[in-house]
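Notes follow the structure.
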There are 2 protein chains.
Amino acid sequence: MEDRAGVGTSASGAGAAAPRRRRGASMADVARLAGVSSQTVSRVSNGSPGVVEETRTRVLAAMRELGYRPNSAARALKHGEFRTLGVILFNLSTTGNVRTLEAIADSAAREGYAITLMPVAVPTQTDVRGAFTRLGELAVDGIIVIMEVHLLDASTISLPPHVQVVVVDSDAGDRYTVVDTDQRGGARAAVEHLLGLGHRTVWHLAGPPDSFAAQRRTEAWLTALREAGRTVPPLLFGDWSAESGYKAGKLVPDDCTAVFAANDQMALGLLRALHERGRRVPQDISVVGFDDIPESASFIPPLTTVHQDFAEVGRRCVDGVLRQIRDQSAERGTALVPTRLVRRDSTGPAPSDG
Amino acid sequence: MEDRAGVGTSASGAGAAAPRRRRGASMADVARLAGVSSQTVSRVSNGSPGVVEETRTRVLAAMRELGYRPNSAARALKHGEFRTLGVILFNLSTTGNVRTLEAIADSAAREGYAITLMPVAVPTQTDVRGAFTRLGELAVDGIIVIMEVHLLDASTISLPPHVQVVVVDSDAGDRYTVVDTDQRGGARAAVEHLLGLGHRTVWHLAGPPDSFAAQRRTEAWLTALREAGRTVPPLLFGDWSAESGYKAGKLVPDDCTAVFAANDQMALGLLRALHERGRRVPQDISVVGFDDIPESASFIPPLTTVHQDFAEVGRRCVDGVLRQIRDQSAERGTALVPTRLVRRDSTGPAPSDG
DNA sequence: GACCTGGATGTTTACGTAAACATCGCGTAA
DNA sequence: TTACGCGATGTTTACGTAAACATCCAGGTC
């Protein structure tokens, strides 16, 4: 023991003094110490059969002594796969992205895959392309794209070949596998819930127009109103932030009795604005959010909102991309994850006219 | 063009029909197409000098035609480094972890490093060790540990050798490089702010006892009160969630005029409980939070809180671990990132007696 | 006792890249 | 004219692993 420094340095020739970047022990080092061939070490390392118990023990001991750990680069080079998935996203500032990422990481870990993050700070098309290029050079077998904005334009982004892709929250179902939340169903449920409570119509505090999720929630709101034959009030816009919801809340007219906000954060700001204006929720005006973030149950009042199953979205992403990797086939189409309305205290019957 | 399928299949011998796992084009393939040696391709790929313009153009064209992208496994094997950092964390459900991770990812990307996630679902010691073992086998040059709980016990966790480690939010400064927020300073500022407004004493809604951040905030609160010679009210405990803050809010006695909550989510729940009990904030009672999450500016009322600079924490983590990698030296000690009090509307002068 | 069987182990080779070294050819100085 | 220098390019080799193949030996069969 203790000759660790000399391990692997027995190369013939001079100039061995130069401390070339210290690497960990290799199979050859372990093999030498255990008095076996490196192939046997490999067999032990991978749990292959055909190694007698005594040899195995000796090899394991040698491994421990040298602090051996397999070199995954060599392994990947040999196998031609990395057992790693890349996740490209714009930021971690929205709840949905984070929760989805968390679920993806968990699912991937369960399948023995690691997750490599590839954040794109500013979502310009140049940057997106750059991210893909870098991801292509990285050690990934597949890519999951979590996009808030629909920049997945085939004409500007060239996906690396031989890499499978799954996309979250996009309209690219004709070109990629897309996993998405049932935005329309959720938005429709929110509107119908409010109409069912007797409200004449429902205002909508929309997310940024370049967000696909926001677009679809808005569309569904519009459709639901039209199908019910209600008048369509003007749109309010926010940028997902609570602050933008607060500003929008100042613009809500007095005769509005119901608002559907495109996410919970904006609903939070909306609630504050209404509170400051002395409009009671839900007695004077009802509010519905979207996402069901944990905090929404503690808003004043607790928020009625549309629950998104981010965990399921993440699971399906991993399942999808792994299936594609195994089959070497690029599936297409969109899988929808259902939502459900969570009724709390921010919605109530329409105030009687008067 | 279009003979992509045959690329690299010109091996001598039979049985070539079996579609062995299709790999991307290699340097050899590009070299063949461009009529140069693979070494020249390597030079072009890495931008090394000594390639005449015409050759370079031809090689680039061949690369494009074959969709060549460098195999990072081979590259890593050759270099002995992966240009990747591993991040081990328990979950992505707390704001701090997420924001820190985001900053880490950005800083790392700027340095040309990728981030590999290693989530540990349940923070038992066994799992933590498992995570480290797996990370050791992964392709990482360094590890950043984002810990909410102090499980970094040297006796149970064996860090892989030859891998540098930086730890966030822990007391392991004697064994690792630790980057941390100035919890004590922030908590002290919160308490002193409230005392300065004339409050007799300050109650504390603490985080879970096994969280180091929570412990230190509690200690600093205690110290600040004692130094000011105030009576120390009993501790209230939460689990960081808004819901737990709400429950704690029901226990706050009527003669309490100031509460320091260990994070903003709990403060949110606290605000709701106080609101339901008819206690006005800040006229009857003041509340201070910790973290300064974006939403806290939209609470009712907007929350006075302690701002944490997660971005700076992330930056310092990456800087620290990269420096260690370059110097091959394990630094020790703790670097503190300052906090600052953000005054909003949830704090005000103590109500006059009687 | 020669021969086969099969399990345990060793040897060879290839994965894709890039450093180190070798070669080639052209221009220039003696 | 010859030799030398140098820039452009080619050849060899090693990185650590594991599949494929080779070898060896004990035990059983006829």
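Letters A, B, ... are given to chains in the order of the sequence lines, protein chains preceding strands, and every chain is numbered from 1. All values reported here derive from a predicted model rather than from experimental measurement.
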Closest to the [X] side chain: [options]?
X: A:Ser42; options: D:dG16, C:dT17, D:dA18; result: D:dA18
X: B:Ala74; options: D:dG16, D:dG10, C:dG16; result: C:dG16
X: A:Met27; options: C:dA19, D:dG10, D:dA18; result: D:dA18
X: B:Val36; options: C:dG10, D:dG10, C:dG16; result: D:dG10

Whole Å only: how far is the [atom1] atom of [X] from the [atom2] atom of [N]?
X: A:Arg43; N: D:dT17; atom1: CZ; atom2: C1'; result: 13 Å
X: B:Glu81; N: D:dC15; atom1: CD; atom2: C1'; result: 14 Å
X: A:Leu77; N: C:dA18; atom1: CG; atom2: C1'; result: 13 Å
X: B:Gln39; N: C:dA18; atom1: CD; atom2: C1'; result: 6 Å
X: A:Lys78; N: D:dA19; atom1: NZ; atom2: C1'; result: 5 Å
X: B:Asn71; N: D:dC15; atom1: CG; atom2: P; result: 18 Å
X: B:Arg58; N: D:dA8; atom1: CZ; atom2: P; result: 14 Å
X: B:Asp29; N: C:dG16; atom1: CG; atom2: P; result: 8 Å

| said: Under a 3.5 Å distance rule, please check whether B:Asp29 uses its side chain to pair with a backbone N or O of B:Leu66 as donor and acceptor. | reply: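 Absent.
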| request: Examine distances only and state if a side-chain atom of A:Arg83 and a backbone atom of A:Glu111 form a donor-acceptor pair shorter than 3.5 Å. | output: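 The answer is yes, because a donor-acceptor pair under 3.5 Å joins these two groups.
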Say you draw a straight line from [atom1] of [X] to [atom2] of [Y]; how long is it, rounded to the nearest 0.5 Å?
X: B:Cys317; Y: B:Ile146; atom1: SG; atom2: CD1; answer: 6.5 Å
X: A:Ser42; Y: A:Arg75; atom1: OG; atom2: CZ; answer: 7.5 Å
X: B:Ile144; Y: B:Ile115; atom1: CD1; atom2: CD1; answer: 5.5 Å
X: A:Met63; Y: A:Leu33; atom1: CE; atom2: CG; answer: 11.5 Å
X: A:Arg43; Y: A:Met27; atom1: CZ; atom2: CE; answer: 10.5 Å

| said: Looking at D:dA18, I'd like to know if its phosphate oxygens (OP1 or OP2) sit under 4.0 Å from a side-chain N or O belonging to A:Arg75. | reply: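 Answer yes for this pair, as a side-chain N or O of A:Arg75 is under 4.0 Å from OP1 or OP2.
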| field | Short side-chain N/O contact from B:Asn46 to OP1 or OP2 of C:dT17, under 4.0 Å | value |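 No.
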| said: Categorize A:Thr40 for me: base, sugar-phosphate, or nothing, with a 4.0 angstrom heavy-atom threshold over every strand shown. | reply: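 It contacts sugar-phosphate atoms only.
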| message | What residues from residues 48-56 of chain A pass a heavy-atom cutoff of under 4.0 Å to DNA chain C? | response |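 Those residues whose heavy atoms fall under 4.0 Å from DNA chain C, taken from residues 48-56 of chain A in numerical order, are A:Gly50, A:Val51, A:Val52, A:Thr55.
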| message | Under a 4.0 Å threshold between the charged nitrogen and the carboxylate oxygen, would A:Asp319 count as salt-bridged to A:Arg316? | response |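 No.
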| Is the shortest distance from a Lys or Arg side-chain nitrogen in B:Arg315 or B:Glu312 to a carboxylate oxygen in the other one below 4.0 Å? |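 Counted as a salt bridge, because a side-chain N and a carboxylate O are separated by less than 4.0 Å.
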| In degrees rounded to 10°, what angle is found between the helical axes fit to the five outermost pairs at each end of the helix from C:dG1-D:dC30 to C:dA30-D:dT1? |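 Angle reported: 70°, given to the nearest ten degrees.
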| request: Taking the side chain as every heavy atom from C-beta outward, state whether B:Val178 and B:Val168 have any pair of such atoms under 4.5 Å apart. | output: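 Not in contact.
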